[in-house]
Amino acid sequence: MKILVCMKQVPQKDAPLKLNEAGTWIREEVSYEVNEPDAYALEEALRQKEKHTGEVVVITSGPARSQQVLREALAKGADRAIHLEDDAFVGLDAFNTAKAFAAAIKDEQFDLIFTGLQSDDYGFAQTGVILAELLGWAHATIIMQIEKTEAGIRVKRELEAGYFQYVDMPTPAVLTIQSGINKLRYATLIGIKNAKNKPMRKVAMAEVASAIGPNLQKIERLYVPQKSKQTQLLEGSPGEIAKKLVDKLRNELRAI
Amino acid sequence: MIFRKPVPNIDRPQMEADVVIVGGGPAGMACALRLAQLIDEWNARHPYDTPITKENIYLLEKAREAGAHCLSGALLDPRAMDELLPNWKDEAPIDAAVHKEAVHFLTSGSSFQLPMVPPPLQDHGNYVISLNRFVKWMAQKVEDAGITIFTGFAGTEVLYAEGEDGKPRVSGVRTDDKGVDKHMQPKGNFEPGYDLQAKVTILAEGVRGSLTKQLTAKFNLNKDANPQTYGTGVKELWEVPAGRVEPGEVIYCMGYPLTSNEYGGAWIYGSKPVAGSDTNLVSIGYVTDLGYADPRTDPQKVLQSFKQHSFVRRLLTGGKIVRYGAKALTYGGWWAVPPVAGDGWMLIGESAGLLNSARLKGIHLGIKSGMLAAESAFEAMKQAHQASSSTYRSATIGEYQNRLEASWIKDELWRQRNFHQGFEHGLWAGMIHVGLQDLTGGRGLWERYPAKAGHEKMQPLASMPEDGGTRAAIIGAAKGDGSLTFDKLTDVYYSGTKHDDDQPAHLVIHDTDICNTRCTTEFGNPCERFCPASVYEMVEDASAPNGKRISLNAANCVHCKTCDIADPYQIITWVPPEGGGGPNYEGM
């Protein structure tokens with residue numbers, strides 16, 4: 001099986017964020033890490049390869065710093081990497097990112113493309129699905145399990161409230177992977193050392209520029225939510241307080 | 001409680017190495033970079049020979065990302081960088097050049113400025129930097145030079161083999177086991193640590209390194225040295241309205257909240273403007289000597305009380321905290337430096353205690369010592385290369401000792417060799433000693449002032465006034481008002497520290513009975529106070545003899561090493577947690 005894993009570098013989850021001057025995104029001075037669902041997508045790809053042989057290729061777009069996620073992936077066992085390297089990729093919306101990816105892999109023949117379910121920063125959950133549309137492939141989201149079958153693959157999707165759905169689908173296909181589908185492996189010293197000699201293809205903006213157009217989505221303004229806290233003390237006998245509390249929860253907050 | 005140790009009886013992957021450097025701070029990075037330079041120069045001069053390879057030189061760094069555990073004020077004396085990379089200033093992240101300095105003495109109600117800045121604290125020509133960003137930049141240089149940095153890997157054990165003379169020699173290091181749960185059982189993704197078999201191992205772990213501690217015990221390295229003495233620096237990085245502390249302005253403070261019986265002092269450095277706002281970064285910190293008498297002394301509280309002094313409050317009001325961190329530092333000086341090289345090993349930077357306590361600077365000494373170690377390592381490498389030998393001559397490694405003693409590191413530390421010991425009997429006696437030392441080229445009254453390990457100076461709780469007396473402002477837990485001052489847990493949040501919870505505790509207490517019985521009675525469990533990250537907690541337990549037992553919040557640890565140093569019974573050993581865990585000193 002030949003699998004492409006789309007990965008993204010995102011600000012660390014608990015990093016203190018500061019807005020940029022324009023108030024449209026955060027300042028660059030922050031620690032970055034691999035988008036968590038993407039790490040699970042990579043792990044799943046590596047496990048599929050170990051089961052069925054094949055190749056795992058990782059791809060990301062972003063400035064030089066984002067190469068780190070590819071290096072980590074190569075250290076864990078991916079075979080080669082594709083880096084769409086330019087600061088301008090950071091500002092692309094999901095539609096254009098998917099178009100840039102599609103253009104960058106047009107000469108490749110993948111059986112499967114994995115993405116994380118969504119990114120920890122924008123949280124669009126769109127890039128994988130749009131990529132499938134652009135390629136004309138089947139897709140399924142929130143994947144918890146993947147089995148190879150005679151005709152293609154059988155996947156387990158997570159639905160709401162503890163329900164799951166099993167779907168048989170053909171390949172090639174795009175799957176967006178849910179966090180927790182597997183247990184992440186650690187990179188080893190030998191893996192990190194060997195990763196240095198694995199191929200890393202750099203794709204410049206100019207190579208894919210003709211495929212992308214103006215962004216369809218843009219962030220007008222970002223702001224830190226104002227925290228407000230109001231305390232009301234309910235008075236009366238325990239019975240009266242309970243009544244008042246239920247009334248507030250039901251009619252004011254509509255929580256019950 | 002189950003404490004971390006290497007998983008026994010397992011097959012470990014082996015990896016051969018020429019040079020292994022443990023620790024990616026300024027010393028380790030400089031060592032790697034200098035080694036790469038020497039190899040490149042040699043290969044360029046010998047184009048027809050087989051080149052010497054950099055392929056098997058490795059640097060281990062326990063942080064997830066290079067620089068993430070690096071904490072300092074920081075002021076950089078450029079001397080060593082000028083030697084390492086003459087054009088460093090063109091590309092290194094420098095926040096400001098020092099152009100203004102002052103020393104203030106604080107009493108509880110007032111402050112006065114010293115009429116002149118003592119020569120060791122004159123900082124014109126030095127630079128305000130973020131050590132985190134500086135080291136991250138150095139790491140990039142190291143990688144570009146072709147040396148592999150393993151981030152997220154700690155050295156957990158020194159490996160030994162038989163040396164040329166039949167005695168033990170250091171033969172490498174073992175890295176941390178990954179994927180071990182809190183009961184010491186392997187998880188599904190368990191990865192055993194590697195045995196990195198190295199021809200030479202260079203320890204650059206910084207203050208109180210865990211491998212350095214093993215090595216020191218194995219070869220009794222401290223037998224002729226003064227006991228090392230330490231302080232703990234607690235730092236906050238602030239964004240403050242512009243004009244309060246200009247970029248490049250340096251303020252040192254002595255006195256309040258410490259009394260004249262404790263050694264220590266504060267720094268306030270003006271750093272770079274914050275883009276898009278009318279503020280600039282200010283680094284503020286207080287170093288408390290770990291040789292204090294009152295077991296309730298709390299270095300984090302010391303900083304909080306310092307900020308409440310009117311002199312400091314007016315500088316910070318209206319600003320906000322960005323980051324928090326804490327780190328111990330060595331200031332025993334030259335007489336506390338152990339032997340720095342032996343068969344198969346070298347010590348550089350603060351692992352060797354190379355810090356100038358009079359100038360409160362050590363980064364330049366770390367860098368220079370790393371360069372000197374690299375020169376000896378390269379010589380050994382070259383000899384082995386020319387002789388097609390698979391080992392390095394111990395005499396060549398040992399040359400590093402002579403290089404260090406012939407270098408300006410020794411000159412600089414020699415002049416201050418008795419500085420910190422002069423303060424053994426308090427601030428006022430110290431001032432007199434320092435004055436005498438200044439007149440006699442560093443000698444003072446005696447050629448070699450003795451020192452006492454700080455932890456031996458802690459006094460029983462019963463001998464202290466209940467309210468702390470004059471020490472009231474440095475004992476007990478800081479409450480914090482949430483804007484100027486913070487309680488410990490709030491500060492710890494700003495350290496960005498993070499560990500996998502499901503792993504054995506990495507603060508190894510060799511006898512928890514002592515904590516729950518003797519220590520509670522004699523010292524009142526000072527670990528709760530000296531730890532700047534609230535790792536140690538005495539929790540209610542009716543079955544414990546004194547109603548409380550020790551509990552560890554190991555995930556809070558900021559890797560400062562204070563507990564390993566300050567514990568009066570010396571029963572705590574700090575060992576590295578699973579690699580990648582620890583603080584995130586972004587921008588610190």
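Labels below follow one simple rule: chain letters A, B, ... track the order of the sequence lines, proteins then strands, and each chain is numbered from 1. Bear in mind that the values here come from a model prediction, so they are computed numbers and not experimental data.
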Query raised in the report: Do B:Asn189 side-chain atoms and A:Lys183 backbone N/O form a donor-acceptor pair below 3.5 Å?
Result: no
Query raised in the report: Heavy-atom distance under 4.5 Å to chain B: side chain of A:Gln12, backbone, both or neither?
Result: side chain
Report task. Could you tell me which portion of A:Ile190 (side chain, backbone, both or neither) has an atom closer than 4.5 angstrom to a non-hydrogen atom of chain B? Result -> both
Query - Side-chain ion pair, A:Glu72 and B:Arg64, N-O less than 4.0 Å - result: no
Query raised in the report: Where do B:Glu143 and A:Lys196 land on the salt bridge (Lys or Arg N to Asp or Glu O under 4.0 Å) test, with the steps shown first?
Result: CA-CA 11 Å; B:Glu143 297 225 298; A:Lys196 285 187 146 186; 5.5 Å; no
**Report entry** Closest approach of B:Met15 to A:Leu189 (non-hydrogen atoms, all atoms of both residues)
**Finding:** SD-CB, 3.9 Å
Report summary line: chain A shares the most heavy-atom pairs under 4.5 Å, among B:Lys498, B:Lys187, B:Glu65, with B:Lys498
**Report entry** Distance, nearest 0.5 Å, that separates OG1 of B:Thr151 from CZ of A:Arg71
**Finding:** 8.0 Å
Query - Side chain / backbone / both / neither for A:Ala75 at chain B, heavy atoms under 4.5 Å - result: neither
Query raised in the report: Around atom CD of A:Gln232, are there more than 12 heavy atoms of other residues, nucleotides or ligands at under 6.0 Å?
Result: no
Report task. Kindly check if the number of other-residue, nucleotide or ligand heavy atoms within 6.0 Å of OH (B:Tyr493) is above 12? Result -> no
Report summary line: Applying a strict 4.5 Å limit to non-hydrogen atoms, the region of B:Glu578 in contact with chain A is side chain
Query raised in the report: Of the backbone (N, CA, C, O) and the side chain (C-beta and beyond), which part of B:Gln140 lies under 4.5 Å from a heavy atom of chain A, both, or neither?
Result: neither
Query raised in the report: Near B:Lys182 NZ, under 6.0 Å, is it more than 12 heavy atoms from other residues, nucleotides or ligands?
Result: no
Report summary line: All heavy atoms of A:Tyr186 vs all of B:Asp500, minimum pair found to be OH-OD2, 4.5 Å
Query raised in the report: Of all heavy-atom pairs between A:Thr188 and B:Phe153, which one has the smallest distance, and what is that distance?
Result: C-CZ, 4.2 Å
Query raised in the report: In terms of heavy-atom contacts, does CG of B:Asp144 have more than 12 from other residues, nucleotides or ligands at under 6.0 Å?
Result: yes
Query raised in the report: Contact part of B:Ser277 toward chain A, heavy-atom cut-off under 4.5 Å: side chain, backbone, both or neither?
Result: neither
Query - Close side-chain approach of A:Lys193 to B:Tyr58, heavy-atom, < 4.5 Å - result: yes
